[in-house]
Structures are given as structure tokens and as C-alpha cells.
Amino acid sequence: MTALLELSAIRAAYDAITVLHGVDLSVRVGEVVALLGPNGAGKTTTLKVAAGVHPVAAGALRLGGRTVNGVDPRDLARAGVCLIPEGRGIFPNLTVRDNLLMMSFTGRPVAEIEEIAFARFPIVAQRAGQTAGTLSGGEQQMLALARGLATDPAVLLLDELSMGLAPLVVKRLYGQVAEIAQQGVAVLIVEQFAAAVLEIADTAAVLVRGRVEHHGPPDLGLRNQLATLYLGSAP
Ligand SMILES: Nc1ncnc2c1ncn2[C@@H]1O[C@H](COP(=O)(O)OP(=O)(O)OP(=O)(O)O)[C@@H](O)[C@H]1O
Ligand SMILES: [Mg+2]
């Protein structure tokens with residue numbers, strides 16, 4: 001099966017400084033790809049390129065086989081590309097319900113958005129009237145995911161979903177992400193530390209200084225490489 005999202009020899013820069021030096025990555029429908037790597041490797045930049053919010057300097061970004069270099073990020077969003085940025089991407093001063101209500105800009109009725117969100121994350125329903133900033137970290141990520149699902153994504157791009165969360169909470173969240181993928185979404189997950197995401201990933205890529213150094217199944221070879229990379233910190 002062909003890739004839904006494909007980055008081919010992607011280069012990207014901030015002003016004169018190139019930070020991605022020819023990144024190849026592809027994600028198929030129903031697949032979870034983990035993009036791992038140390039601080040400053042270019043993981044977030046890769047996601048931003050995929051969402052069209054950071055320009056491609058060279059190479060090709062393809063969606064469903066069509067080259068979409070330079071396409072407006074709003075058009076990519078309409079085509080089903082959903083980026084959940086680092087730091088949760090919710091509005092902490094608004095209620096949970098209003099965070100969901102805002103997603104009705106997509107044209108989807110509020111009732112339907114709530115139905116999808118509450119069915120997948122019952123705890124979000126229980127917290128509907130609460131200010132989003134008062135939710136636990138895990139609940140905030142569920143809300144961020146629920147907001148993403150409101151767009152009916154074909155491609156879901158997740159940046160450091162596990163940041164600051166307890167291992168058990170991360171495990172549950174990734175269980176949900178795996179289910180979302182199985183329902184026909186191409187999922188690309190960025191994480192600095194790998195353990196939880198490798199449980200659900202079909203493929204893992206390790207990015208080091210803007211280059212994919214390893215690409216393949218999340219097997220022992222990959223775990224060993226990560227262990228070396230992080231020099232003692234648990235992969
Ligand atoms: N807005 C920016 N302006 C200039 N340089 C930037 C900017 N954002 C990122 N960079 C640089 O680009 C490189 C890649 O950054 P990026 O945020 O993509 O890495 P990352 O792998 O997501 O790192 P982290 O694990 O810390 O989130 C780094 O050297 C970073 O300093
Ligand atoms: Mg990052």
C-alpha cells in the first residue's frame with residue numbers, strides 16, 4: 001500500500017541554518033510511525049513541515065501521492081492533516097466544552113464533536129464544565145486529542161504527547177492513539193524518550209542532527225541504538 005504522508009529528501013532551515021538534511025519518512029493509513037531522537041534533532045521541525053507550517057527548502061512533501069510543497073497549512077488541515085503541537089494545544093482559560101465548541105469552525109456540528117470526544121474519552125465528558133487548565137496533564141492531552149479528532153483527521157501528527165505525564169497515563173493515551181490509527185488514520189508521533197511509544201509503533205525512525213540514522217521495526221536493534229544515543233538514559 002502506498003504512503004498517505006510522505007517526506008522525501010526533505011531539507012528545512014531557519015534562516016541560513018539548515019536543520020533537516022534530507023529526511024525520508026512515510027506513513028501509511030492505519031500505521032503508527034514513531035520519530036525519535038535527542039534534543040534539537042529536528043523532530044518538531046519535521047512535524048511542522050508535514051503540517052505545512054514550516055517551509056520545505058528542498059525535497060518533496062506528498063499527501064496521498066500528490067506533492068503539496070508550499071500548500072497553505074489551512075488547506076492541508078482541510079485535507080485531513082492534523083498537528084497536535086507540543087504543550088497540548090488547548091486553551092487553558094476556556095472550559096472543556098468551549099475548547100470543543102471552537103472546533104465547530106470545521107463545519108462539524110457541536111453535538112457531533114462532543115459525541116465523538118465523549119465516546120472516546122468519558123473523563124472529558126465528566127469535566128465538560130471545568131476550565132481546561134484545571135484538568136490533569138493526561139486529561140489535557142485527551143482534550144487535545146479530542147479536539148484533533150473533531151477535524152476527522154487522515155493524518156495525525158503528535159508532538160511529545162507524553163511530556164510531563166506519569167508512565168501509566170502515557171500508556172493509556174497511547175492505547176487510544178493505537179485505536180485511532182486502527183480506525184484508518186496515519187499517525188506520526190514524535191517522542192524524545194521512546195519506551196511507551198515503541199509499544200504501539202509499527203515503524204520507528206531515529207533522527208539525529210537532522211538526518212534519519214535508523215529506520216525500521218521497533219526491535220532490539222533499534223532499542224540498542226537508542227540506548228547508545230542517550231548514553232545511559234532508559235530508551
Ligand atoms: N524558531 C526557530 N528559530 C531558529 N532555530 C530554530 C527554531 N526552532 C528550532 N530551531 C533549531 O532547529 C533545530 C531543530 O529543532 P527542533 O525543535 O525541530 O528539534 P526537536 O528534535 O524537536 O528538539 P526537542 O527534543 O528539544 O523538542 C535546533 O537546532 C533548534 O535550535
Ligand atoms: Mg521538539
Side-chain angles (χ1 to χ4, degrees), residues 5-27 32-61 68-70 72-73 76 81-90 137-138 140-141 144-145 147-148 153 155-167 169-170 173-174 177 186-201 203-216 218 222-223 225-235:
L5 174 72
E6 195 179 4
L7 282 72
S8 176
I10 287 287
R11 295 175 71 86
Y14 293 96
D15 299 318
I17 301 168
T18 299
V19 298
L20 299 182
H21 304 271
V23 170
D24 294 312
L25 263 185
S26 63
V27 194
V32 176
V33 175
L35 182 62
L36 309 165
N39 248 206
K43 304 181 298 295
T44 297
T45 306
T46 304
L47 287 191
K48 286 181 174 170
V49 165
V53 297
H54 190 90
V56 172
L61 174 67
V68 291
N69 289 23
D72 190 292
L76 287 184
V81 178
C82 173
L83 170 65
I84 299 188
E86 202 175 336
R88 310 202 167 132
I90 59 163
Q140 289 186 30
Q141 284 296 32
L145 277 172
R147 281 170 50 87
V155 176
L156 194 55
L157 308 167
L158 305 173
D159 200 354
E160 310 246 5
L161 198 67
S162 71
M163 178 92 83
L165 302 179
V169 175
V170 173
L173 268 176
Y174 276 139
V177 171
V187 181
L188 179 58
I189 307 182
V190 156
E191 280 290 351
Q192 202 177 321
F193 296 103
V197 72
L198 289 182
E199 303 292 316
I200 63 155
T203 306
V206 182
L207 194 66
V208 183
R209 287 182 293 274
R211 290 186 171 84
V212 175
E213 300 259 303
H214 183 104
H215 186 269
L222 178 108
R223 285 171 199 263
Q225 213 217 350
L226 284 168
T228 314
L229 197 60
Y230 292 113
L231 287 173
S233 58

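Counting convention: from 1, in listed order, for ligands and their atoms alike. Computed over heavy atoms, backbone and side chain alike; hydrogens, waters and symmetry mates excluded.
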Expected list for residues 35-46: side-chain donor-acceptor pairs under 3.5 angstrom, two or more places apart:
from, atom 1, to, atom 2, distance (Å)
Asn39, ND2, Gln192, OE1, 3.2
Lys43, NZ, Gly37, O, 2.9
Lys43, NZ, Pro38, O, 2.9
Thr44, OG1, Asp159, OD2, 2.8
Thr45, OG1, Tyr14, OH, 2.8
Thr46, OG1, Gly42, O, 2.7

Subject >> the Mg ion (ligand 2): protein N, O or S atoms that are less than 2.8 Å away, sorted by chain >> reply: Thr44 OG1
Subject >> Under 4.0 Å to a heavy atom of Thr44 - the qualifying atoms of ligand 1, by number >> reply: 17 (O), 18 (O), 20 (P), 22 (O), 27 (O)
**OP:** Can you sort out the partners of Arg209 under side chain to side chain contact (heavy atoms under 4.5 Å, CB included), two or more places apart, ordered by chain and number?
**Re:** none
Original post:
Any side-chain heavy atom of Leu161 within less than 4.5 Å of one from Val170?
Top reply: no
Original post:
So, for Asn69 and Gly59, which heavy atoms are closest and what is the spacing to 0.1 Å?
Top reply: ND2-O, 2.8 Å
Subject >> For His215, side chain to side chain contact (heavy atoms under 4.5 Å, CB included) partners two or more places apart >> reply: Leu25, Thr203, Ala205, Val212
Subject >> Which segment of Lys43 sits under 4.0 Å of ligand 1 when only heavy atoms are counted >> reply: both
**OP:** May I ask you to test the Leu198-Leu226 pair for a side-chain heavy-atom distance under 4.5 Å?
**Re:** yes
Original post:
Within a strict 4.5 Å, meaning less than it, do heavy atoms of the Ile189 and Tyr174 side chains meet?
Top reply: yes
Original post:
What is the closest protein heavy atom to atom 28 (C) of ligand 1, and at what distance does it sit?
Top reply: Gly40 O, 3.7 Å
Original post:
Which protein non-hydrogen atom lies closest to atom 19 (O) of ligand 1, naming both residue and atom, and how far is it?
Top reply: Gly42 N, 3.2 Å
Original post:
Does ligand 1 have any atom that is closer than 4.0 Å to a heavy atom of Glu160?
Top reply: yes
Subject >> Which residue and heavy atom of the protein sit nearest atom 26 (O) of ligand 1, plus the separation >> reply: Asn39 ND2, 3.2 Å
**OP:** Can you measure from CD1 (Ile84) to CD (Gln141) and round to the nearest 0.5 angstrom?
**Re:** 7.5 Å
Original post:
At a 4.0 Å cut-off, with the gap strictly under it, does some heavy atom of Gly37 reach an atom of ligand 1?
Top reply: no
**OP:** For residues Leu145 and Leu173, determine if any side-chain heavy atom of one lies less than 4.5 Å from a side-chain heavy atom of the other.
**Re:** yes
Original post:
If you look at every heavy atom in Pro153 and Gly148, which pair is closest and at what distance?
Top reply: CD-O, 3.4 Å
Subject >> Contact summary for Ala13 and His54, nearest pair of heavy atoms >> reply: O-NE2, 2.9 Å
Original post:
Closest non-hydrogen protein atom to atom 10 (N) of ligand 1, residue and atom name please, with distance?
Top reply: Tyr14 CE1, 3.4 Å
Original post:
When you measure from atom 16 (P) of ligand 1 to every protein heavy atom, which one gives the shortest distance, and what is it?
Top reply: Thr45 OG1, 3.6 Å
Original post:
Would you say ligand 1 has an N or O under 3.5 Å from any N or O of Val19?
Top reply: no
**OP:** Using a distance threshold of 4.0 Å (strictly less than), state whether atom 14 (C) of ligand 1 has a protein heavy-atom neighbour.
**Re:** yes
